[in-house]
Amino acid sequence: MNILQIHNMKPQFPCTFRTFPHHSLSGSLNFSLRKSTRLSSSSFLLLLVTPIRPTFKIFTVSRIEAPFFENNKEEEEEDEERNSATNLTEFEDLAPDGVVYQNTLRLVECSMFAAVTGLVYFLSNSLSIENYFGCFFSLPIVISSLRWGVAGGRKTMVATAMLLFVLSGPVKALTYLLTHGLVGFTMGSLWRMGANWGLSIFLCTIARATGAVGYVLTSSFLIRENILALITINIHASLTFIFAAAGINTIPSMNFIYSLFGILVVLNSGFFVFLLHLLYSVFLTRLGMKDSLRLPRWLEKAL
């Protein structure tokens, strides 16, 4: 391309719809032609004078990322592994040796024992046949203690008392706790810990005697009458009549009467507890729970 060709090039202007006068249009065209030729020549000279410097662009290498579909597959595999792990834990919990299964079984057994004991006690009181079934009211607490520990026996006792509280009121619930609940809980706890019969009978006798005295005091409070004083006065009168009939001119003191009353209560409770030990041992042996019991030698030979 020559300089003459550049000078001979005609500038192209965009078409406009605006009209101008003739003299102004010619003047503007001459001015624009002169100006464009000057600019084109000067720009070309500048291009010839200035050296061309090569420019290099720095390209950065991007990190290689995994495809989107592979990420989704990995996430799905991780979710499947988590679901399989949770399913395995659930199956382990529902197994017969699982923690959840054992806790559920303990809750169900304690609830059933409490319900049966409460209903039988309520019906026996309503029908006045408590004396015929009184020896079996402590048995569910003993079984729960042997199977599920001291906590199981305590839960059975408390649940039975609450059921009787709802069905019969606080008096029957307190009576059950004092006469049967404390004895059953003490016996079941001692048998669970492997205590011998001597210690078990002694502590259960104390629990039974304490419950009997508590029952007398509770009844005295409810009927507004001192039943304990009536019992001791009757004992005093009976002993005075016996001494007079035997020709003994002595009158027993009240301290002697109180001591005699306490001894009789302890003896009564001791014989009752001993019979309960025999009955429950035979019953639990027939149920297949002999390994949980610590029986004396003479009873093991007999069974």
Side-chain angles (χ1 to χ4, degrees), residues 117-118 120-139 141-142 157-158 160-165 167-190 197-280:
T117 307
V120 172
Y121 188 80
F122 174 73
L123 293 175
S124 63
N125 280 316
S126 300
L127 301 174
S128 299
I129 55 175
E130 182 183 358
N131 295 327
Y132 299 99
F133 297 99
C135 57
F136 293 103
F137 292 143
S138 302
L139 182 61
I141 301 175
V142 176
M157 181 183 66
V158 174
T160 306
M162 293 301 295
L163 180 61
L164 289 172
F165 180 82
L167 293 176
S168 302
V171 178
K172 294 296 182 183
L174 185 60
T175 302
Y176 170 79
L177 284 177
L178 293 174
T179 55
H180 304 287
L182 292 177
V183 178
F185 179 68
T186 306
M187 188 184 301
S189 300
L190 291 172
W197 268 39
L199 180 62
S200 178
I201 290 173
F202 176 74
L203 294 178
C204 289
T205 301
I206 294 174
R208 173 73 180 182
T210 305
V213 175
Y215 173 70
V216 171
L217 295 176
T218 304
S219 301
S220 301
F221 175 76
L222 292 174
I223 66 175
R224 304 291 180 174
E225 190 71 33
N226 193 352
I227 300 176
L228 186 61
L230 293 174
I231 293 172
T232 53
I233 289 170
N234 289 327
I235 294 173
H236 186 272
S238 299
L239 286 177
T240 303
F241 179 76
I242 291 170
F243 289 164
I248 301 173
N249 296 322
T250 57
I251 298 174
S253 63
M254 293 305 296
N255 292 328
F256 176 76
I257 297 300
Y258 292 146
S259 301
L260 182 63
F261 174 75
I263 292 170
L264 292 175
V265 170
V266 170
L267 288 176
N268 186 9
S269 301
F271 283 116
F272 180 77
V273 167
F274 179 72
L275 293 175
L276 285 183
H277 276 68
L278 288 176
L279 180 63
Y280 290 174

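Atoms CD1 and OG, on Ile201 and Ser269 in that order, are 13.0 Å from each other to the nearest 0.5 Å. Annotation: the span from Thr210 atom OG1 to Arg208 atom CZ amounts to 11.5 Å, rounded to 0.5 Å. In this structure, Phe165 CZ and Thr160 OG1 are separated by 15.0 Å, a value rounded to the nearest 0.5 Å. Distance check, rounded to the nearest 0.5 Å: CG of Leu276 to OG of Ser200 gives 10.0 Å. Remark: Cys204 SG to Leu199 CG distance equals 9.0 Å, nearest 0.5 Å.
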Side-chain polar contacts of residues 171-179 - donor-acceptor pairs under 3.5 angstrom, sequence neighbours left out - could you list them?
{"unit_1": "Thr175", "atom_1": "OG1", "unit_2": "Val171", "atom_2": "O", "d": "2.7"}
{"unit_1": "Thr179", "atom_1": "OG1", "unit_2": "Thr175", "atom_2": "O", "d": "2.6"}

Please tabulate, for the side chains in residues 232-243, all donor-acceptor contacts under 3.5 angstrom to protein atoms that are two or more places apart in sequence or on a different chain.
{"unit_1": "Thr232", "atom_1": "OG1", "unit_2": "Leu228", "atom_2": "O", "d": "3.1"}
{"unit_1": "Thr232", "atom_1": "OG1", "unit_2": "Ala229", "atom_2": "O", "d": "2.8"}
{"unit_1": "Asn234", "atom_1": "ND2", "unit_2": "Leu230", "atom_2": "O", "d": "3.0"}
{"unit_1": "His236", "atom_1": "NE2", "unit_2": "Pro252", "atom_2": "O", "d": "2.8"}
{"unit_1": "Ser238", "atom_1": "OG", "unit_2": "Asn234", "atom_2": "O", "d": "2.9"}
{"unit_1": "Thr240", "atom_1": "OG1", "unit_2": "His236", "atom_2": "O", "d": "2.7"}

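In this structure Ser253 satisfies the side chain to side chain contact (heavy atoms under 4.5 Å, CB included) test together with Asn255, Phe256, sequence neighbours excluded. Listed by chain and number, the residues in a side chain to side chain contact (heavy atoms under 4.5 Å, CB included) with Ile223 are Glu225, Ile227 (sequence neighbours excluded). The ring-ring contact (aromatic ring centres under 6.0 Å, His included) test applied to His277 returns Trp191, Trp197, not counting sequence neighbours. Residues passing the ring-ring contact (aromatic ring centres under 6.0 Å, His included) test with Phe136, sequence neighbours excluded: none.
For the pair Asn268 (side chain) and Leu264 (backbone), a donor-acceptor distance under 3.5 Å is absent. Ser124 contributes a side-chain N or O that, together with a main-chain N or O of Tyr121, makes up a donor-acceptor pair within less than 3.5 Å. Side-chain atoms of Ser138 come within 3.5 Å of backbone atoms of His180 as a donor-acceptor pair (strictly under, hydrogens ignored).
Annotation for Met162: atom CE does not count as buried by contact number, only 12 or fewer foreign heavy atoms lying within 6.0 Å. Within a 6.0 Å radius of OH in Tyr215, no more than 12 heavy atoms belonging to other residues, nucleotides or ligands are found. The local environment of CD1 in Ile251 is sparse, with at most 12 non-hydrogen atoms from other residues, nucleotides or ligands closer than 6.0 Å.
At a threshold of 4.5 Å between non-hydrogen side-chain atoms, the residues Ile206 and Phe202 count as touching.
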Go through it in stages, so that I can follow the logic: the residues are Cys135 and Leu279, the test is side-chain contact (heavy atoms from CB on, under 4.5 Å), and I'd like the CA-CA distance, side-chain angles, deciding distance and then a yes or no. CA-CA 9 Å; Cys135 57; Leu279 180 63; 4.0 Å; yes
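For the pair Phe261 and Ile231, the tightest heavy-atom approach, listed with the atom from each and the gap, is CE1-CG2, 3.5 Å.
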